[in-house]
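Order of appearance sets the numbers: ligands from 1, and atoms from 1 within every ligand.
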Amino acid sequence: MSHVLGLELRREAPPLLGPLLSSFPLPAGSWPSQILRSNHRFSITNLVGAPRKAAGEMNILAPVRRDRVLAELPQCLRKEAALHVHKDFHPRVTCACQEHRTGTVGFKISKVIVVGDLSVGKTCLINRFCKDTFDKNYKATIGVDFEMERFEVLGVPFSLQLWDTAGQERFKCIASTYYRGAQAIIIVFNLNDVASLEHTKQWLADALKENDPSSVLLFLVGSKKDLSTPAQYVLMEKDALKVAQEMKAEYWAVSSLTGENVREFFFRVAALTFEANVLAELEKSGARRIGDVVRIHSEDSNLYLTASKKKPTCCP
Ligand SMILES: Nc1nc2c(ncn2[C@@H]2O[C@H](COP(=O)(O)OP(=O)(O)OP(=O)(O)O)[C@@H](O)[C@H]2O)c(=O)[nH]1
Ligand SMILES: [Mg+2]
């Protein structure tokens with residue numbers, strides 16, 4: 001079940017949801033008014049008039065599905081355009097997870113926004129991963145919509161909130177109010193439409209206006225791979241890798257129709273977002289210990305490079 005957001009908002013958060021919602025970067029004056037459970041997933045709706053459950057009836061978090069458990073770091077698609085190419089999670093992250101020193105990471109919900117031209121396949125990509133469905137008919141997203149996905153990474157629960165935004169110009173102003181507070185930005189283009197690749201720079205610029213460019217993880221995703229011949233794909237990939245390198249984004253190519261690379265891609269997003277969260281948490285607790293404030297800088301989005309500049313607060 002998913003819900004269109006951004007139509008009409010009201011400030012009304014059930015008491016139990018306070019801590020949960022505090023990590024939702026919603027525009028001032030808005031709170032999700034309802035959490036519903038649907039199979040393994042939760043969706044939140046802001047639609048006024050939808051029946052509301054009493055807080056006591058709500059299930060706050062769904063259990064993690066067995067096929068959402070990550071024990072190892074999923075690898076990048078192309079080494080030329082990757083956020084990092086290390087084979088394993090950062091040693092400090094592995095160590096912190098083993099010693100149950102991941103702080104609040106297990107309770108947090110990380111926001112991921114998906115942007116790109118209309119009809120490039122953003123909704124289909126999310127639906128393939130979250131619902132394992134594919135709809136060949138185009139239904140434009142109006143405003144924004146989102147899905148929650150729960151993972152377990154190195155034994156720690158971790159949640160991603162995947163925000164599906166509208167690509168149509170007339171809905172852009174609604175959608176852009178939901179860009180704020182993203183930990184990862186997924187910019188989608190159609191591998192068979194070079195204009196959609198060119199437009200990714202503008203989508204990124206718009207999304208970065210609302211976010212801190214030094215801490216957000218970027219992914220450039222080519223969609224509809226099933227529609228390209230191998231020769232066409234090779235040509236497009238060359239251009240896409242160049243754009244990804246300029247953006248300092250990790251490049252992926254997927255097909256929501258066949259499912260190619262969809263799961264691998266979202267697992268990579270979950271793993272890298274988790275890793276960044278744990279590293280930030282370790283920095284924070286280190287800073288607290290010495291009574292100082294530390295700010296995370298990731299100029300080149302390389303989590304390992306960032307971490308190696310800091311004094312270790314965890315083994316080894
Ligand atoms: N062949 C093929 N078609 C796809 C794929 N992904 C999406 N489509 C089709 O492309 C059209 C648009 O897909 P959507 O996911 O709705 O596009 P969107 O980016 O969400 O569009 P907006 O919501 O308007 O921004 C639909 O007809 C889909 O069936 C794919 O991987 N392969
Ligand atoms: Mg859509």
Side-chain angles (χ1 to χ4, degrees), residues 1-7 41 43-47 77 111-149 160-179 182 184-207 210 218-234 236-237 240 243 249 251-269:
M1 191 186 300
S2 61
H3 302 278
V4 175
L5 301 184
L7 298 179
R41 242 180 5 264
S43 299
I44 296 185
T45 175
N46 282 11
L47 287 177
L77 184 73
K111 179 174 182 175
V112 176
I113 59 170
V114 183
V115 298
D117 276 6
L118 77 154
S119 198
V120 291
K122 301 179 293 296
T123 302
C124 286
L125 178 61
I126 292 174
N127 285 346
R128 171 56 79 195
F129 181 64
C130 298
K131 307 174 184 176
D132 201 17
T133 59
F134 177 79
D135 187 351
K136 64 179 173 28
N137 301 310
Y138 171 50
K139 291 186 207 86
T141 302
I142 299 167
V144 291
D145 196 358
F146 78 78
E147 296 287 339
M148 285 275 266
E149 274 296 330
L160 285 188
Q161 199 184 32
L162 301 170
W163 288 76
D164 178 16
T165 68
Q168 283 197 21
E169 195 59 41
R170 61 191 161 138
F171 302 128
K172 221 174 149 183
C173 59
I174 302 175
S176 61
T177 61
Y178 289 88
Y179 289 174
I185 301 172
I186 297 172
I187 310 140
V188 184
F189 71 97
N190 179 350
L191 284 165
N192 311 281
D193 174 9
V194 73
S196 71
L197 175 63
E198 283 160 12
H199 299 159
T200 56
K201 288 173 195 164
Q202 188 56 50
W203 285 106
L204 175 63
D206 291 347
E210 306 291 332
L218 304 179
F219 296 87
L220 180 70
V221 178
S223 63
K224 310 191 188 186
K225 190 165 185 279
D226 57 284
L227 295 178
S228 313
T229 64
Q232 285 167 339
Y233 176 74
V234 168
M236 192 57 139
E237 192 190 63
V243 174
Y251 169 76
W252 280 80
V254 299
S255 166
S256 304
L257 187 145
T258 64
E260 181 180 354
N261 287 343
V262 171
R263 180 183 151 86
E264 290 82 350
F265 166 63
F266 280 106
F267 269 44
R268 178 84 173 161
V269 173

Open item on the list: I'd like to know if the Mg ion (ligand 2) has an N/O/S atom from S119 within less than 2.8 Å of it, counting both backbone and side-chain atoms.
Closed with: no
TODO: Decide, counting backbone as well as side-chain atoms, whether T165 has an N, O or S atom less than 2.8 Å from the Mg ion (ligand 2).
DONE: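 Checking the Mg ion (ligand 2) against T165, no N, O or S atom falls under 2.8 Å.
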State whether the shortest distance between N or O atoms of [X] and N or O atoms of ligand 1 falls below 3.5 angstrom.
X    : result
K225 : no
F134 : no
D226 : yes
S119 : yes

Task: Mutual orientation of the aromatic rings belonging to F129 and F267 [parallel < 30°, tilted 30-60°, perpendicular > 60°] - done: perpendicular
Open item on the list: Side chain, backbone, both or neither: which applies to T141 and ligand 1 if a contact is any heavy-atom pair less than 4.0 Å apart?
Closed with: both
Task: Contact check, S255 vs ligand 1, heavy-atom distance below 4.0 Å - done: yes
Which protein non-hydrogen atom lies closest to [atom], naming both residue and atom, and how far is it?
atom                    : answer
atom 16 (O) of ligand 1 : Y138 CD1, 3.4 Å
atom 27 (O) of ligand 1 : K136 O, 2.9 Å
atom 10 (O) of ligand 1 : K224 NZ, 2.9 Å

Open item on the list: Would K122 and W163 count as a cation-pi pair here, with the cationic atom under 6.0 angstrom from the ring centre and within 45° of the axis?
Closed with: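 Cation-pi check for K122 and W163: fails.
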Task: Atoms in ligand 1 flagged as close to A166, the criterion being non-hydrogen separation under 4.0 Å - done: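 Going through ligand 1 atom by atom, the ones under 4.0 Å from A166 are 25 (O).
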TODO: Using a strict 4.0 Å cut-off to heavy atoms of N137, name the atoms of ligand 1 that fall inside it.
DONE: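 Every atom of ligand 1 under 4.0 Å from some heavy atom of N137: 27 (O).
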- [ ] Using distance alone, with no hydrogens and no angle criterion, decide if S228 and N192 have a side-chain donor and acceptor under 3.5 Å apart.
- [x] yes
Open item on the list: Whether the N190 and S196 side chains hold a donor-acceptor pair (N or O, under 3.5 Å, no angle test) is what I'd like checked.
Closed with: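 Not at all, the side chains of N190 and S196 share no donor-acceptor pair under 3.5 Å.
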Open item on the list: Given 3.5 Å as the limit, does a donor-acceptor pair link the side chain of S255 with the main chain of E260, or not?
Closed with: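 Side chain of S255 to backbone of E260: no pair is present.
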- [ ] Applying side-chain contact (heavy atoms from CB on, under 4.5 Å), run through T165 and Y179 and close with a yes or a no.
- [x] CA-CA 9 Å; T165 68; Y179 289 174; 4.1 Å; yes
